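Report on the structure given below.
Here the structure is a predicted model, which is why all the values come from computation and not from measurement. All chains are named by letter (A, B, ...) in the order of the sequence lines, taking the proteins before the strands, and each is independently numbered beginning at 1. Heavy-atom basis, side chains included; hydrogens, waters and symmetry copies ignored.
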Amino acid sequence: MPYIPHTDNDIKNMLAVIGADSINDLFNEIPAELRIDTLKNIPDGLGEMQTNQLMQEKASLDKRGLCFIGAGAYEHHIPAAVWEIAGRGEFMTAYTPYQAEASQGTLQLLYEYQTMIASLMGMEVSNASLYDGASALAEAVLMAVRANRKSKSKRILVAGSIHPHYLDTANAIVHAQGISIEVVPFCNTQGKVLVEAFATYENEDITAVVIPQPNFFGVLADVNQLTAWAHQHNALAIAVVNPTAVALLKEPGQWADGVDIVCGEGQPLGIPLSSGGPYFGFLCCKKTIVRQMPGRIIGRTVDSEGLTGYTLTLQAREQHIRRSKATSNICTNQGLAVTAATIYMSLLGFEGLKKVARACYANTHQLAALLTNIDGVTLMFQGHYFHEVLLQLPCDIDAVLDNLCEQGIQGGFNVSPYFPQLENALLVCATEVKTEKDLQHFANQLEFAIHQVA
Amino acid sequence: MPYIPHTDNDIKNMLAVIGADSINDLFNEIPAELRIDTLKNIPDGLGEMQTNQLMQEKASLDKRGLCFIGAGAYEHHIPAAVWEIAGRGEFMTAYTPYQAEASQGTLQLLYEYQTMIASLMGMEVSNASLYDGASALAEAVLMAVRANRKSKSKRILVAGSIHPHYLDTANAIVHAQGISIEVVPFCNTQGKVLVEAFATYENEDITAVVIPQPNFFGVLADVNQLTAWAHQHNALAIAVVNPTAVALLKEPGQWADGVDIVCGEGQPLGIPLSSGGPYFGFLCCKKTIVRQMPGRIIGRTVDSEGLTGYTLTLQAREQHIRRSKATSNICTNQGLAVTAATIYMSLLGFEGLKKVARACYANTHQLAALLTNIDGVTLMFQGHYFHEVLLQLPCDIDAVLDNLCEQGIQGGFNVSPYFPQLENALLVCATEVKTEKDLQHFANQLEFAIHQVA
Amino acid sequence: MLIFEKSQTQRQAALQAPDIVDTVLDIPKELQRSSKAVLPEASELQTVRHYTQLSQKNFSIDTQFYPLGSCTMKYNPRGVHKLAMMPDFLKRHPLAPLKQSQGYLSCAYELQQMLASISGMSTVSLTPMAGAQGEFAGVAMIRAYHEDRKDNARNEIIVPDAAHGTNPASAVMCGYKVKEIPTGADGNINLNTLKAMVGPQTAGIMLTNPSTLGVFDQNIKAVAKIIHEAGGLLYYDGANLNAILGKVRPGDMGFDVLHFNLHKTFATPHGGGGPGCGPVGVSERLKPYLPTPMVTKENDSYRWLTKKDCPKSIGRLSCFMGNAGIILRAYIYCRILGLQGMHRAAEFATLNANYLQTRLQQAGFTLAYPERKASHEFIVTLAKEAKTLGVTAMDVAKRLLDYGVHAPTTYFPLLIPECLLIEPTETEAKEDLDYFIDIMIEILNEAKTNPELVTTAPHTLPIKRLDDVKAARELDLTWNFGE
Amino acid sequence: MLIFEKSQTQRQAALQAPDIVDTVLDIPKELQRSSKAVLPEASELQTVRHYTQLSQKNFSIDTQFYPLGSCTMKYNPRGVHKLAMMPDFLKRHPLAPLKQSQGYLSCAYELQQMLASISGMSTVSLTPMAGAQGEFAGVAMIRAYHEDRKDNARNEIIVPDAAHGTNPASAVMCGYKVKEIPTGADGNINLNTLKAMVGPQTAGIMLTNPSTLGVFDQNIKAVAKIIHEAGGLLYYDGANLNAILGKVRPGDMGFDVLHFNLHKTFATPHGGGGPGCGPVGVSERLKPYLPTPMVTKENDSYRWLTKKDCPKSIGRLSCFMGNAGIILRAYIYCRILGLQGMHRAAEFATLNANYLQTRLQQAGFTLAYPERKASHEFIVTLAKEAKTLGVTAMDVAKRLLDYGVHAPTTYFPLLIPECLLIEPTETEAKEDLDYFIDIMIEILNEAKTNPELVTTAPHTLPIKRLDDVKAARELDLTWNFGE
Ligand SMILES: Cc1ncc(COP(=O)(O)O)c(C=O)c1O
Ligand SMILES: Cc1ncc(COP(=O)(O)O)c(C=O)c1O
């Protein structure tokens, strides 16, 4: 029996101990009319060998080409050691470290993670992860509402240049608690939210302002001014950042007088694209509001003999202690992804991460140069961008992408359905994994595709 | 610096301690005229990311098709757990277990391996591995010469139906010690060595007889009679077997009154094909001659408090103690492959291994049935075969194989160059990994190929 | 030692960073970073060694028996993991063109279908990223349903006292008040109490069945009737589904919506705290509200259903489509188990739990519900021992660690004093259960003859009992670079 | 506990065996097996847990500093391992058609070229499966060379007393008598002694340089001259090549043939005892005798060279072409290191060794060759301590284990009493060397103040010191099923 160790003898002996005639008898407290004998639509089991064959067929359908899509998930080089270590049984098959003494591996690692990510963000504290970047934003908003005692309005201003899925997710998660998320429009030529756009909120009670950097279009905004505006208006500032980019860009803790909360997607730190997950959301904040933090937090302490050890702490914020008064319902988080990210950051170091960021920056800028050489292809926005850039094409994006797909190229993300004011808008990204040859190949194929389509 | 942890500071401090001005100074005992500054033909180093790209290109050139080649290396299903566990750093990056107390993991595993393989072969003892099946035969021959005190001739009779590479290897390794390996011809209709073929040696001093089962052609010989013949003539009997097959075929310890030495290729026990290695050779024998065994042997003992532990034993046979009088020069063996094989045998168990053997048997027999349905394709030999079978084709084998290769099929092994008397002889094998569909597809393509070529 | 304490300025695993041709970084000064971050400065070997050593300090399924109740710590098949880690799956971008995504989408679609069948629900969405997010989605759908019907006065969710903490927390996140209902002495919900609680304010109830008390509520149909007649809906917390796979379906019990814990019932690894995955299934009437995206099949090809297709959806719960890699693992696991394997999971999980329950009772331990059969888990209460011997559930838990067994869940559910919630799962062999029984008996002996040995446990682990109070009072959450 | 002791009749990891349609097994009864073999009967979880737990009982590079002299225990890059384990490489059948093998063959070919360059030799064959088989091949080629010239009286190989045991053993396997030459007080070979030993019977000499004493023999050119003038050839044992990569080449020193240890110099994992790989390189005159198969390049495509192409070859040493997977790893490692990286390996291995040597000497340890620079390794002798304190090299080695460091090589080379042969390698950080020095000092203190602590070590490992005598006397080599 797959995975089941019981021999006939075992079964007989165990039933005898229990005093039951059959295994089925053990279910006799379930009302007979509810019990079923079989399930529909469940195929017969497969051996591991056949399963291999099945999944190899499935995987071969997903044969990918050169990928120039970013839009929230980024293809980076992942050192082999990352998952070779993260995949060790002791990390992978442990539960949440409730028994601290038997979980010092995971706990110390998480403490190290908290140090790394907080420091990277220029913040004082971090939790041990949330589900992903988008849901982390939702938690950041809820946290801001709890933390900002000066504001009663539960009104959150969000830069309209944020990833549209982040906006949807945050809305879906927070709206039932009477929180209103209001979108501040971005400038259609610069592709970012200017501080002037906040003028209409000058005298309002705003609970928090959400500032992405780089934003969905890859564009860099004036985060210092935006943060300052928030604080001047008694609103908390929430940064949404890409952790790779922050190796080169000013860390949110240094935006003006420092943001209050930082969140974002941890995927770029050693997590494979893998169809969108598991990734992890990170969340950092000022120490003053740590008691409003959702999720697990690891603290350093000592044992009964004074030896250093690590344990889950501030559990009084959490659902298993505080139940309906908890800071969040989150329980299981994304521990293994964080394990990988910690090993990734340890292998790259700050200098390495900076190099990754620079290579991404350089590649995307070179790609933009090559692509805008094509007739009819232009940059949608003026201004600084990081490792993603929005292009305007002279023809329908979907048709072009389809054509590129046939050539084995995943040519970017069509942004126009989300922002109808941005016509024929293609968001492209080239990380450090792309070579000169790749970029040139993409440029050639795109030119060809536009010819075909236009 | 890749893999090197030294900072500039470290280097400075360390040189100061040593009292050297530069690292180069540390080499100044090497005569100046011998020292070189550079090496030719060594390319610049690559980062891990570029190395990935390079090796992916290389691997893509080896894209394989459906493989029906056996001939000494067999494609079996390998449970994922085998290499996930064998690849753990603690197994993979340890040295030979010289410090027993710090190597109980590897040592206990090897003791378990010795038990498993000895029991599978029906023998009393096993060593902890040799390089591969072919070199294991060479060691078995050397061992027999040492062990057979009754024989002075150093003449070894080998069934001519053995894998030709085994014969070459054994010859290359033993001939300098005055040992002569003599080939006993096989019957050209039955594809095996008959006991009658030994008639010419009736009154000779023979040191040992080497008996493969199944033999190179997949054919089963009368191993009981051959073993009996050897023992009647004061020769030792050496069996060369496939460990998967032995799950169904009589174990060598039960051939007649039992062979003296068993060797063979361990690859079928969970080791990937991987271009021919690393595999491992196994070697088992009767307890009476264990002191003639080459290679490492693990023994069970106790520690100073009476607790069970495991350690390298009978080291007085080995080169590091006995030097020129050692039973063999072998030092590093194939530990990790044995680690994998042990886990494989634990997952399969004896019942599982029998099923694998049966599935191989069934598939090859079905394949033979399908292929001999093709016009002009016949079985080369009458008689029983196991999971390999020799076919005669109506045309040149190389041309057929070339054609099949274009269709993505590796259609077997051309045996004729080794045995000119066997014309257009194709050795094919279908293990448990082949499906009905695979077999049928091969049959169709072979028919097509023969049409094209013939 | 922390990895930071092994770091040296300038040290790096140089192989892992790309080469940088010196390009201009054309970013305004005020947007550039000027300070360093405290990331490790270590060689590749140091990193590998550090984290390998750390891993050895964990208990895990792969190394220990881990009967943590409610968590279903069963074997996480290596074969499943390896397949889910195939490069073609790992490299698939979540926004990849459909044409290059049919492999993954077909797996997700088939899993949706299988989960619907297992639960007796109409439709499944895989997107919630853990049980708690599944609960959120489920309650949000209940809310959307009432709102859609303009049934706006319903502002209460009923939750048993035995419920997992995520249940009330999720209800609150959906804007509901939580009303707690006490459990009856037999472990079932008292129907009269329930009747007295429901009314026009009742939006629904959240239940686990078998409950976290390890018993199956036999009155479930009556409960459903009371709630439905009051106009409320029933939410099923699927954390315990392993107990009833193929035996009884939440849909048949009368539930309107449920979540699955793929990281429990479907054996995806817990990862030291995640990732999990908490798909939701609903009956026909809640279907319009399911979270997006989902996968649909049209003319033999698969595509995403998004908000455009499902205008009433509660929306999106993650940037992409949830924990895809976990979905893949659960799919593979389901294909391996197949129909018979699912039945077997429930059967042997239940056999193991009842065997353990009986043996421990015979050995003198007090069961919380001695009259009841165990589901896949059961509760031992050490209230008596705490009183008479001064040895608490926590002490016994810590002492178990010394014997190389992970402790059961302690102090949950909250209503049972000094409790151990024990879930052996179907993948443990009788010998391992017997060993657990032996050491429980041994610890009980120790508690009588040498209680200090137990109250100061653990003794054999890298550290002794930790000071949790200090941890919370003198917060030390990041390494201070000055040290 | 042994896996057999966890077994139960009938138990199995059912998922791993194929389904069997009941086909006839048409094999004569007398050729069929009738008895069971003692293989484990365990569940998949039991197997995974058993071997995972066992693994944790090992010291390894990934978990400990492992300064085992002569073994070059440096970091085995995970990136290399992962690439070598790509399915396309693993699934390639050794007899696959050339058309579907150009990837692997090109790697092997390029490695042959690189190794030739590194060693200063003309041609390389990769087929020997470990150092010892490389030695065999090398001496066999020397023999073939003499035989080819009908120079048949040469029946002696000279081997220094410091040589590794495989050297004399390999010479004997090639049918030679071994003549041992003692090492001079300075660690070099005494030229006069050598001159007196050579003659028409001399087939050759086997040397390591730097030797296993950790010093570079400065007279190597003179040695070569003496041997060559006597008509013999020089064999170079490449186990210590890590010390001189890119600094000096065996070919330039006058050697005619050498082996490489890919599992040392080229960082392929040791695997708890293998697999290794021992390619051989030769100067022009030995080229015809190289073992087959080798890879050649013709018109941009690669093919095997076999006995047909090389009629004078000593032949084949394995069924296929040696440890291909290890060859692949070494190739990848070489491409990663590149030219600069090779230089660095030697430089930092030497820096670490000399630092350690100096510090230990300063701390009061006795060096075997205090006047000499260390190569990549060096020798400490504890003869004095053994005499005055009763604490042997073995005791110190065992005590090191208690401090979480693997012991250096002990009692080798045989000519140095109570010796520790210490090789830190280039991948260890200064802090780890400093830690080693600290504990060596600490152990020396213990030896003075509490010698029993040292002589009864180890104390912190799963077991205490093992009874090797009992192991050899009461042979227990397989588990006895009756137990
Ligand atoms: C009964 C019960 N409900 C809900 C949950 C929450 O699930 P998750 O941790 O996946 O969010 C758990 C998990 O511990 C549980 O045991
Ligand atoms: C100096 C020396 N020569 C030869 C060898 C033999 O190499 P292998 O173990 O690969 O056969 C070794 C390995 O320990 C060695 O250290």
Side-chain angles (χ1 to χ4, degrees), chain B residues 5 10 14 23 34 41-42 44-45 48 55 58-59 61-62 79 88-90 92-96 102 104-106 115 119-120 131 134 165 168 172 176 272 274-278 299-301 303-304 309 313 319-320 323-324 326 329 332-336 346-347 350 352 355 359 362 405 432, chain D residues 12-13 16-18 23 37-40 47 51 54-55 57-62 79 83 88 90 94 97 102-103 117 129-130 132 165 168-170 174-175 178 248 269-276 315-316 319-320 323-325 338-339 341 347 355 429-430 461 463-464 466 471 476 478-479:
Chain B
D10 288 339
M14 293 169 83
I23 292 181
L34 287 178
N41 302 321
I42 310 286
D44 283 341
E48 189 173 296
M55 295 313 292
K58 300 263 189 199
L61 298 175
D62 288 358
R88 285 172 58 85
E90 298 95 319
M92 194 163 70
T93 73
Y95 202 75
T96 298
Q104 286 297 299
T106 288
T115 302
S119 173
L120 188 60
Y131 300 130
H165 291 177
D168 291 352
S274 57
S275 291
R300 180 155 67 163
T301 183
D303 73 0
S304 57
T313 194
Q319 45 72 30
H320 63 287
R323 302 179 70 83
S324 62
N329 68 340
T332 292
N333 58 28
Q334 305 284 115
L336 197 66
S346 183
L347 285 170
F350 183 61
K355 283 190 188 166
C405 183
E432 83 279 13
Chain D
Q12 44 177 297
Q16 303 302 347
T23 47
V38 180
L39 300 194
T47 296
Y51 291 106
L54 276 191
S55 77
K57 295 188 179 174
N58 273 0
F59 278 32
S60 68
I61 293 286
D62 275 9
L83 288 173
D88 286 327
L90 292 187
Q102 294 295 306
S117 162
M129 288 177 289
S170 298
C174 293
V178 172
V248 45
H270 284 276
R316 183 179 265 294
C319 188
F320 300 109
N323 282 334
L339 180 60
E347 289 170 359
Y355 173 74
K430 177 171 174 295
L461 296 185
I463 49 166
K464 306 239 179 294
L466 286 168
D476 175 352
T478 57
W479 182 70

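Note: Gly274(D) leads Gly274(D), Gly79(D), Gly315(D) in heavy-atom pairs under 4.5 Å with chain B. For the set Ser170(D), Ala13(D), Gly165(D), Gly338(D), the count of heavy-atom pairs under 4.5 angstrom toward chain B peaks at Gly165(D). Taking Leu61(B), Asp62(B), Thr96(B) one by one and counting their heavy-atom pairs under 4.5 Å with chain D, the maximum is reached by Asp62(B). If you tally non-hydrogen atom pairs under 4.5 Å between each of Asp44(B), Asn333(B), Leu120(B) and chain D, the highest count goes to Asn333(B). Ranked by heavy-atom pairs shorter than 4.5 Å toward chain B, the options Asn58(D), Leu54(D), Ile61(D) are led by Asn58(D). Heavy-atom pairs under 4.5 Å with chain D were tallied for Cys405(B), Ala176(B), Ala94(B), Pro5(B); the largest tally goes to Ala94(B). The candidate from Pro97(D), Ser117(D), Gly272(D) with the greatest count of non-hydrogen atom pairs under 4.5 Å with chain B is Gly272(D). With chain D as partner, the option from Gly352(B), Gly89(B), Pro278(B), Gly335(B) having the largest number of non-hydrogen pairs under 4.5 angstrom is Pro278(B). For the set Met92(B), Arg88(B), His320(B), the entry with the most heavy-atom pairs within less than 4.5 Å of chain D is Met92(B). With chain B as the partner, the residue from Ala429(D), Cys319(D), Gly175(D) showing the most heavy-atom pairs under 4.5 Å is Cys319(D). Residue with the most contacts toward chain D among Ala134(B), Gly276(B), Ala102(B): Ala102(B) (heavy-atom pairs, distance under 4.5 Å). For the set Gly276(D), Pro18(D), Gly273(D), Gly341(D), the entry with the most heavy-atom pairs within less than 4.5 Å of chain B is Gly273(D).
Heavy-atom distances place both the backbone and the side chain of Leu339(D) under 4.5 Å from chain B. Heavy-atom distances place the side chain of Ile23(B), and not its backbone, under 4.5 Å from chain D. Only the side chain of Leu461(D) comes within contact range of chain B, judged by heavy atoms closer than 4.5 Å. In this structure, chain D has a heavy atom under 4.5 Å from the side chain of Glu432(B), while its backbone stays farther away.
The two residues Lys57(D) and Gly105(B) make their nearest non-hydrogen contact at CB-N, 3.6 Å. Nearest heavy-atom pair across Lys464(D) and Asp303(B) is N-OD2, 2.8 Å. Of all the heavy atoms in Leu34(B) and Val248(D), the pair that sits closest is O-CG2, 3.7 Å. Summarising the geometry of Thr332(B) relative to Ala130(D), their closest heavy-atom pair is O-CB, 3.9 Å, with the distance given to 0.1 Å. The nearest pair of heavy atoms linking Thr93(B) to Asp62(D) is OG1-N, 3.0 Å.
Residues Ser119(B) and Leu39(D) are not in side-chain contact: their nearest non-hydrogen atoms beyond the backbone lie 4.5 Å or more apart. Side-chain atoms of Asn323(D) and Gln334(B), non-hydrogen and from C-beta on, do get closer than 4.5 Å to each other. Contact annotation: the side chain of Gln104(B) approaches that of Leu466(D) to within less than 4.5 Å [non-hydrogen atoms, C-beta and beyond].
A distance-only check finds no donor-acceptor pair linking the side chain of Asn329(B) to the backbone of Ala169(D) [under 3.5 Å]. Using modelled atom types, no side-chain atom of Ser346(B) and backbone atom of Pro40(D) make a donor-acceptor pair closer than 3.5 Å. Between the side chain of Ser55(D) and the main chain of Glu90(B), no donor-acceptor pair closer than 3.5 Å is present. Checked by atom type and distance alone, the side chain of Asp476(D) never pairs as donor or acceptor with a backbone atom of Arg300(B) at under 3.5 Å.
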